[in-house]
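Keep in mind that the numbers below use all heavy atoms, side chains included, and drop hydrogens, waters and symmetry copies. Order of the sequence lines fixes the chain letters, A, B, ..., with proteins taken first and strands second; residue numbering starts at 1 for each chain.
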Number of protein chains: 2
Amino acid sequence: MTPTFFDYVERLNSLLRSWQRDDVQVSTVPAVQLSALRYLSICNHYSDTVTGVTEYLGLTKGTVSQSLKALEERQWLVKRLDPKDKRIVHLRPTQTGLALIQRLATLQVLENALAQLGAEAEQQLTALLHELLTQIQQQESRKSFGICSSCRFHQHRDGQPFCGLTRELLPGDAIELICREHQAPA
Amino acid sequence: MTPTFFDYVERLNSLLRSWQRDDVQVSTVPAVQLSALRYLSICNHYSDTVTGVTEYLGLTKGTVSQSLKALEERQWLVKRLDPKDKRIVHLRPTQTGLALIQRLATLQVLENALAQLGAEAEQQLTALLHELLTQIQQQESRKSFGICSSCRFHQHRDGQPFCGLTRELLPGDAIELICREHQAPA
DNA sequence: ATAAATGGTATCGAATCGAAACCAAGCTGA
DNA sequence: TCAGCTTGGTTTCGATTCGATACCATTTAT
């Protein structure tokens with residue numbers, strides 16, 4: 001057997017984990033917490049909840065709830081109750097939390113390697129991965145977590161972005177974030 | 001912030017984990033064990049050791065040693081002492097173990113998605129990932145785990161594949177497996 | 001020949017993660 | 001309307017994992 005796509009993804013992930021462990025500030029932080037925080041930094045206001053994180057990471061509610069509690073204690077995120085539905089808790093990374101995620105995302109090694117590949121190849125790679133994930137989502141009943149503006153419910157009202165599902169006007173920065181209710185156009 | 005390459009890799013990995021948990025037979029098996037077994041199915045006879053797995057997964061010796069013990073107990077791999085150096089233990093997946101890995105690697109969802117993408121796109125994707133990993137390896141002092149036949153030490157003697165580093169003839173199936181001593185040509 | 005290095009294992013403890021039980025808020029439907 | 005169901009979240013508990021450390025055996029170096 002020779003390495004496949006599957007293997008490369010696994011290897012890449014091993015390396016990412018490995019780098020995280022090398023980072024003194026991050027090494028003590030469990031991977032799930034980092035993933036959760038990262039998700040919260042790229043999801044919109046319909047998706048920044050415990051359930052959102054749960055679906056995205058494919059873990060159980062309990063586990064996620066605990067991880068989020070830990071993140072809150074580290075002051076990397078804050079919780080806010082939903083004004084309409086009092087069951088719902090919104091999670092927002094703090095400045096410190098965002099800075100940490102930023103540091104991780106711009107791992108020097110990875111950045112360099114991507115740069116070496118060339119801008120075109122990088123874009124191609126990202127596009128292919130994006131397409132692959134889209135394909136997967138279409139087969140699965142699983143949530144797609146696509147980008148808001150690419151959703152079949154995405155509309156405009158009075159020149160403002162508008163969600164046809166929730167029937168609400170959308171804040172300007174929401175439309176390029178990912179959403180747990182996302183559905184690809186037919 | 002909108003999703004980056006980093007995010008896609010993480011998401012893909014979440015999905016892989018998620019699928020593994022859905023599989024009744026595999027769900028109870030820790031991810032590290034699966035990764036280790038998978039590695040052992042694609043590495044050559046210089047790399048099928050505890051240290052090999054340790055370097056590949058970026059974990060500590062102790063952790064890996066335990067995981068391998070568990071794999072042995074499940075009868076998914078067998079240990080064999082090296083005839084020359086009595087410290088070294090070689091690890092070989094059993095038929096059962098290989099079958100399991102095979103099942104995992106051919107996840108229907110992933111297969112389908114890749115098929116939808118088209119053979120050309122899939123090959124491109126794999127090639128890009130391969131290139132990216134090669135780039136990473138060149139920057140890092142880390143082991144590259146490249147494919148034997150692409151190594152700078154790869155030679156031929158009397159029409160047989162030959163390793164210039166160990167100065168040994170190589171078994172025919174070794175040359176398309178990955179090796180922890182691999183070095184890219186200058 | 002002694003010391004150092006290498007390959008692996010064993011022990012221990014902290015901390016993660018899943019399962020299940022639980023609570024509160026919203027929804028449904030006669 | 002109000003009893004039951006569903007949904008969003010938290011808590012508790014226990015098994016399991018993983019890293020740190022110490023340790024042993026074999027090989028290599030001085």
Side-chain angles (χ1 to χ4, degrees), chain A residues 14 17-18 20-24 26-37 40 45-74 77-91 143 166 180-181, chain B residues 14 17-18 20-24 26-37 40 45-74 77-91 143 166 180-181:
Chain A
S14 294
R17 287 288 140 75
S18 207
Q20 287 181 357
R21 256 192 305 274
D22 291 348
D23 184 316
V24 275
V26 175
S27 58
T28 64
V29 185
V32 194
Q33 290 185 31
L34 295 176
S35 298
L37 197 56
L40 290 172
H45 61 299
Y46 295 133
S47 318
D48 59 351
T49 66
V50 177
T51 315
V53 177
T54 301
E55 289 167 348
Y56 190 81
L57 297 182
L59 302 174
T60 60
K61 285 193 298 183
T63 301
V64 170
S65 181
Q66 283 180 87
S67 304
L68 294 172
K69 196 166 114 187
L71 282 174
E72 193 186 16
E73 278 160 10
R74 290 186 212 256
L77 66 75
V78 290
K79 296 185 174 178
R80 186 172 51 80
L81 284 178
D82 188 285
K84 294 200 177 140
D85 187 334
K86 287 186 215 143
R87 294 170 305 179
I88 297 179
V89 177
H90 291 277
L91 310 157
K143 302 277 171 96
T166 62
R180 55 183 284 233
E181 303 294 356
Chain B
S14 295
R17 288 287 141 76
S18 208
Q20 287 180 358
R21 255 192 306 272
D22 291 349
D23 184 315
V24 275
V26 175
S27 58
T28 64
V29 185
V32 194
Q33 290 184 31
L34 295 175
S35 298
L37 196 57
L40 290 172
H45 61 299
Y46 294 133
S47 319
D48 59 351
T49 65
V50 178
T51 315
V53 177
T54 301
E55 288 167 348
Y56 190 80
L57 298 183
L59 302 174
T60 59
K61 284 193 299 184
T63 301
V64 170
S65 181
Q66 283 181 86
S67 304
L68 294 172
K69 195 167 114 186
L71 283 175
E72 193 186 17
E73 279 161 8
R74 290 186 211 257
L77 66 76
V78 290
K79 296 185 174 178
R80 186 172 51 80
L81 283 179
D82 189 285
K84 296 200 174 138
D85 186 334
K86 288 186 215 144
R87 294 169 304 178
I88 297 180
V89 177
H90 292 276
L91 309 156
K143 302 278 171 96
T166 63
R180 55 183 284 235
E181 303 293 356

Looking at side-chain heavy atoms only, is the closest gap between B:Val89 and B:Arg80 below 4.5 Å?
no
Would you classify A:Lys86 as touching base, sugar-phosphate or nothing, given that sugar-phosphate means primed atoms plus P, OP1 and OP2, and contacts are heavy atoms under 4.0 Å?
sugar-phosphate
Side-chain heavy-atom pair B:Asp82, B:His90 within 4.5 angstrom cut-off:
yes
Neighbour count above 12 (heavy atom, 6.0 Å) for A:Lys79 NZ:
yes
Any base atoms under 4.0 Å from A:Val32, or only sugar-phosphate, or nothing? Heavy atoms, all strands.
sugar-phosphate
Can you give each donor-acceptor pair under 3.5 Å made by side-chain atoms of residues 57-70 of chain A, sequence neighbours left out, with the distance rounded to 0.1 Å?
| from | atom 1 | to | atom 2 | distance (Å) |
| --- | --- | --- | --- | --- |
| A:Thr60 | OG1 | A:Thr63 | OG1 | 3.0 |
| A:Ser67 | OG | A:Thr63 | O | 3.1 |

Contact class for A:Ser65 (heavy atom, under 4.0 Å): base, sugar-phosphate, or nothing?
base
Both B:Asp48 and A:Gln66 contact DNA chain C. Taking the nearest nucleotide for each, which residue is further toward the 5' end?
B:Asp48
When A:Asp85 and A:Thr63 are each assigned the nearest nucleotide of DNA chain D, the 5'-most assignment goes to A:Asp85
Gap separating the OG atom of A:Ser47 from the CD atom of A:Glu55, nearest 0.5 angstrom
8.5 Å
I'd like to know if B:Arg87 pairs up with B:Asp85 as an ion pair, taking the criterion as any Lys NZ or Arg NE/NH1/NH2 lying under 4.0 Å from an Asp or Glu carboxylate oxygen.
yes
How far does OG of B:Ser35 sit from CZ of A:Arg17, to the nearest 0.5 angstrom?
10.0 Å
First and last nucleotide of DNA chain D touching chain B, 5' to 3', heavy-atom cut-off 4.0 Å?
D:dT17 to D:dT27
Can you tell me how far CG of B:Leu71 sits from CD of B:Gln33, rounded to the nearest 0.5 angstrom?
4.5 Å
Please classify the nucleic acid contact of A:Thr51 as base, sugar-phosphate, or nothing, using heavy-atom distances under 4.0 Å.
sugar-phosphate
Identify the 5'-most and 3'-most nucleotides of DNA chain C with at least one atom closer than 4.0 Å to a non-hydrogen atom of chain A.
C:dT16 to C:dG26
